Structures are given as structure tokens and as C-alpha cells.
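Everything on this sheet refers to the single structure shown next.
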Amino acid sequence: MDDATVERVRALVRAIPPGQVRSYGEIADEAGLSSARLVGRLLAEDGHDLPWHRVVRANGTFAPHIAAEQAARLRVEGVLAADGRVPAELRPRRR
DNA sequence: CCTCTGACGAGTC
DNA sequence: CGACTCGCCAGAG
């Protein structure tokens, strides 16, 4: 994967407004990536300085190992994650 | 070169 | 709903 793509992903994540979430898949498409997994991988390696907590799975759930931290950070922004998932209204819609 | 393993997603049953 | 499968890219062993 090339650096330009990585930058696109980082920019997209940075562009997510507080209190709002987007899915790995959406980021992947818009950044021109073929797989959502790559977005996850990028965030794991190079996303420490990004609002990664605003990126959730397509069904609104969190990745297991970061669920607690993610829920905490979102709560600060006013997003109350009940039952380890984001409220339906904020959940990334499939279309 | 092959297999396994992910911060994933969509489709089937 | 949950459980499984397959496609996806890259790095590790």
C-alpha cells in the first residue's frame, strides 16, 4: 500500500467531526483501499495521533481489545455507547 | 512458497 | 440473532 493512500486514510479519519462515527469500510472506499481490514491495520500502526475512536465497525460495534477505551473517549464527546455499540442513529448506515 | 493472523465486511443458512 | 465462509493486504515464521 502506498504512502498517498495512507495519507488519504489519515485525512479522512481526521475529518470525522466529534460526536460522529464512520465505519472502516467507508474510510476504505473513500481512500481507495480494497479492504476495510487495511484501515484497521493502518490505525493500529499509524493512527495513534488520530481520532481513531470515531471509527467503528459497519454494524456499530467496537473491536474487542479497544472497546473500553473507545467507549470512554466517545462518551466524552457525548456519544453514549450502550451494550458496546454506538446508538443506532449514529451507526454507519449501509446503502 | 505456504500458513496463520488480524482495529473488516458482506453473503448464506 | 449467531455461526461460518470467503475475499482482502501484509508481515512473521
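Everything quoted here is computed from the prediction, not taken from an experiment. These values consider heavy atoms only, across backbone and side chains, with no hydrogens, waters or symmetry-generated copies. The chains referred to below are lettered A, B, ... by the order of the sequence lines, with proteins before strands, and numbering in each begins at 1.
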Contact between [X] and [Y] at the side-chain level, heavy atoms closer than 4.5 Å - yes or no?
{"X": "A:L50", "Y": "A:L43", "value": "yes"}
{"X": "A:S23", "Y": "A:R57", "value": "no"}
{"X": "A:L80", "Y": "A:R75", "value": "yes"}
{"X": "A:R8", "Y": "A:E30", "value": "no"}
{"X": "A:V79", "Y": "A:L90", "value": "yes"}
{"X": "A:E69", "Y": "A:F62", "value": "no"}

Revision key, fill the gap. Residues in residues 75-86 of chain A with a heavy atom under 4.0 Å of DNA chain B, by number, are none
Provide, to the nearest angstrom, the distance between the [atom1] atom belonging to [X] and the [atom2] atom belonging to [N].
{"X": "A:H65", "N": "B:dG6", "atom1": "NE2", "atom2": "P", "answer": "9 Å"}
{"X": "A:N59", "N": "C:dG2", "atom1": "CG", "atom2": "C1'", "answer": "12 Å"}
{"X": "A:D29", "N": "C:dC8", "atom1": "CG", "atom2": "C1'", "answer": "13 Å"}
{"X": "A:R57", "N": "B:dA10", "atom1": "CZ", "atom2": "C1'", "answer": "14 Å"}
{"X": "A:R22", "N": "B:dA7", "atom1": "CZ", "atom2": "C1'", "answer": "17 Å"}
{"X": "A:L33", "N": "C:dC9", "atom1": "CG", "atom2": "P", "answer": "10 Å"}
{"X": "A:R91", "N": "B:dC8", "atom1": "CZ", "atom2": "P", "answer": "17 Å"}
{"X": "A:E26", "N": "B:dA7", "atom1": "CD", "atom2": "C1'", "answer": "16 Å"}

Review point. Are A:E77 and A:R73 close enough for a salt bridge, meaning some N to O gap below 4.0 Å?
Key: no
Review point. Of all the choices, B:dA7, B:dA10, C:dC8, which nucleotide is nearest to the side chain of A:A58 once you look at every atom?
Key: B:dA10
**Study point:** Nearest-neighbour nucleotide for the A:R37 side chain, C:dC8, B:dA7, B:dG9 considered
**Key:** C:dC8
Check your understanding: Looking only at heavy atoms, which two atoms of A:Q70 and A:R54 are closest? And how far apart?
Key -> NE2-N, 4.4 Å
Check your understanding: Taking for each residue the nucleotide of DNA chain C with the nearest heavy atom, is it A:A36 or A:M1 whose nucleotide lies nearer the 5' end?
Key -> A:A36
Review point. Would you say A:S35 reaches C:dG7's phosphate, i.e. side-chain N/O to OP1/OP2 under 4.0 Å?
Key: no
Review point. Only one of A:I27, A:V56, A:V55 clears side chain to side chain contact (heavy atoms under 4.5 Å, CB included) with A:R22; which?
Key: A:I27
Check your understanding: In residues 38-53 of chain A, which ones come under 4.0 Å of DNA chain C, going by heavy atoms?
Key -> A:L38, A:R41
